[in-house]
S.K.: 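One structure follows; several queries about it will come next.
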Amino acid sequence: MQEVTIGGKTFEQYISEDQIADRVVELGAVISKEYADKNPLFIVLLKGAYVFASDLLKHFLHPCTVSFFRLSSYKGMSSTGKLTFKDVFDENIQGRDIVVVEDIVDTGNTLSGFLPALQTLEPNSVKVVSLLSKPDVLQGKVHIDFLGFEIPPAFVVGYGLDFDEQGRNYPQIYQLKQ
Ligand code: IMP
């Protein structure tokens with residue numbers, strides 16, 4: 001589909017399934033090389049990263065564990081700047097090599113809140129993989145170690161990303177039509 005309508009707004013095709021798939025393979029190869037013998041713990045930030053994580057981990061064929069953490073700082077199309085921790089850590093983080101899997105880094109508020117909390121649990125290392133980043137709106141310092149695509153500030157949906165919970169199911173990424 002070239003365009004989709006969600007909540008009365010029109011979104012147009014932006015990153016195709018093939019483009020995503022190719023980049024996910026590349027990211028998987030880089031992460032595999034670095035973590036082959038580290039038995040990393042992938043922490044998938046829900047809900048948005050579930051599709052990306054599912055595909056990415058099919059390209060990490062080494063020992064690892066996977067955990068899920070749900071937090072949300074978004075309402076509609078703008079960041080509230082507040083983090084809501086809807087879950088608690090249920091993993092032993094101490095001494096582990098952690099890879100945080102994020103769908104998109106926008107303002108960076110989510111990771112600036114989450115990463116320091118994670119550090120208090122004394123992991124051996126923490127790195128971040130994000131499918132998308134919007135560098136023009138990033139506030140403060142959030143380092144993305146493995147990045148899929150840099151995109152402009154326009155709102156995107158699909159491949160796990162939502163607009164008010166709709167649109168996560170589309171296999172490609174759509175951008176709000178101006
Ligand atoms: P940040 O805290 O501003 O970096 O935003 C991170 C979270 O906001 C992401 O994990 C998404 O859930 C959500 N988000 C940011 N930008 C978009 C977007 O363009 N579409 C859908 N969700 C977004």
Side-chain angles (χ1 to χ4, degrees), residues 1-28 30-31 42-60 66-87 99-115 118 127-140 142-178:
M1 283 185 294
Q2 290 296 316
E3 288 188 353
V4 293
T5 303
I6 303 172
K9 304 213 180 283
T10 306
F11 293 81
E12 58 192 351
Q13 187 182 327
Y14 182 54
I15 308 177
S16 72
E17 269 187 272
D18 284 349
Q19 286 174 295
I20 297 170
D22 289 350
R23 195 71 189 110
V24 167
V25 169
E26 288 170 2
L27 289 172
V30 173
I31 294 171
F42 290 93
I43 299 182
V44 181
L45 297 187
L46 297 175
K47 297 179 186 174
Y50 80 101
V51 180
F52 174 46
S54 164
D55 285 347
L56 181 69
L57 293 187
K58 288 176 205 159
H59 300 283
F60 186 83
V66 186
S67 187
F68 301 88
F69 194 85
R70 184 170 175 193
L71 36 78
S72 166
S73 69
Y74 245 75
K75 187 90 187 125
M77 285 197 186
S78 59
S79 176
T80 62
K82 281 189 196 151
L83 287 177
T84 313
F85 286 84
K86 293 185 175 161
D87 223 331
V99 182
V100 176
V101 185
E102 179 62 303
D103 54 350
I104 183 166
V105 178
D106 184 52
T107 62
N109 285 333
T110 302
L111 287 178
S112 329
F114 183 69
L115 295 177
L118 197 56
K127 288 200 176 183
V128 174
V129 56
S130 182
L131 179 67
L132 304 172
S133 147
K134 295 180 188 168
D136 294 348
V137 286
L138 186 62
Q139 299 162 9
V142 171
H143 180 68
I144 305 169
D145 300 279
F146 312 103
L147 175 64
F149 303 92
E150 280 191 352
I151 63 169
F155 200 83
V156 289
V157 296
Y159 199 70
L161 291 133
D162 72 305
F163 170 41
D164 276 344
E165 294 302 325
Q166 299 289 324
R168 296 190 194 277
N169 48 313
Y170 294 119
Q172 53 190 331
I173 293 173
Y174 293 86
Q175 188 178 58
L176 183 64
K177 198 169 174 181
Q178 299 301 326

S.K.: Find the distance between CZ (F163) and OG1 (T5) and round it off to the nearest 0.5 Å.
M.R.: 11.5 Å

S.K.: Supply the atom-to-atom distance D18 CG to I15 CD1, rounded to the nearest 0.5 angstrom.
M.R.: 12.5 Å

S.K.: When rounded to the nearest 0.5 angstrom, what is the spacing between CD1 in I31 and NE2 in H59?
M.R.: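 Spacing of CD1 (I31) from NE2 (H59) equals 11.0 Å.
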
S.K.: Enumerate, atom names and distances included, each donor-acceptor pair closer than 3.5 Å involving a side-chain atom of residues 47-57, sequence neighbours excluded.
M.R.:
from : atom 1 : to   : atom 2 : distance (Å)
K47  : NZ     : E165 : OE1    : 3.0
D55  : OD1    : K58  : NZ     : 3.2
D55  : OD2    : Y159 : OH     : 2.7

S.K.: Can you list everything that forms a side-chain contact (heavy atoms from CB on, under 4.5 Å) with E26? Sequence neighbours excluded, please.
M.R.: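 E26: side-chain contact (heavy atoms from CB on, under 4.5 Å) contacts with R23.
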
S.K.: Can you name the residues that form a side chain to side chain donor-acceptor pair (under 3.5 Å) with D22, not counting sequence neighbours?
M.R.: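 By the side chain to side chain donor-acceptor pair (under 3.5 Å) rule, D22 matches no residue at all.
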
S.K.: Please round to the nearest 0.5 Å and tell me the distance separating atom OG of S130 and atom NE2 of H143.
M.R.: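 Output value for this atom pair is 12.0 Å.
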
S.K.: With rounding to the nearest 0.5 Å, note down the distance linking CD in Q139 to OG1 in T107.
M.R.: 5.0 Å

S.K.: Write down the atom of D145, the atom of V128, and the distance for their closest heavy-atom approach.
M.R.: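 That would be OD2-N, 2.8 Å.
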
S.K.: What I'd like to find out is whether the side chain of F114 reaches to under 4.5 Å of the side chain of F69, using heavy atoms alone.
M.R.: yes

S.K.: Pick out which of I144, L132, T110, L131 makes a side chain to side chain contact (heavy atoms under 4.5 Å, CB included) with E102.
M.R.: T110

S.K.: Show me the side-chain donor-acceptor pairs of residues 171-178 shorter than 3.5 Å, one per line, residues at least two apart or across chains.
M.R.:
from : atom 1 : to   : atom 2 : distance (Å)
Q172 : OE1    : Q13  : NE2    : 3.3
Q172 : NE2    : M1   : O      : 3.4
Q172 : NE2    : Y174 : OH     : 2.9
Y174 : OH     : M1   : O      : 2.9
K177 : NZ     : E3   : OE2    : 2.5

S.K.: Side-chain contact test, heavy atoms from C-beta onward, threshold under 4.5 Å: evaluate it for L45 versus L111 and give yes or no.
M.R.: yes

S.K.: Can you name the residues that form a ring-ring contact (aromatic ring centres under 6.0 Å, His included) with F42, not counting sequence neighbours?
M.R.: F60

S.K.: State which residues pass side chain to side chain donor-acceptor pair (under 3.5 Å) with Q19; sequence neighbours excluded, sorted by chain then number.
M.R.: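 With sequence neighbours excluded, Q19 shows a side chain to side chain donor-acceptor pair (under 3.5 Å) to S16, given in chain and number order.
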
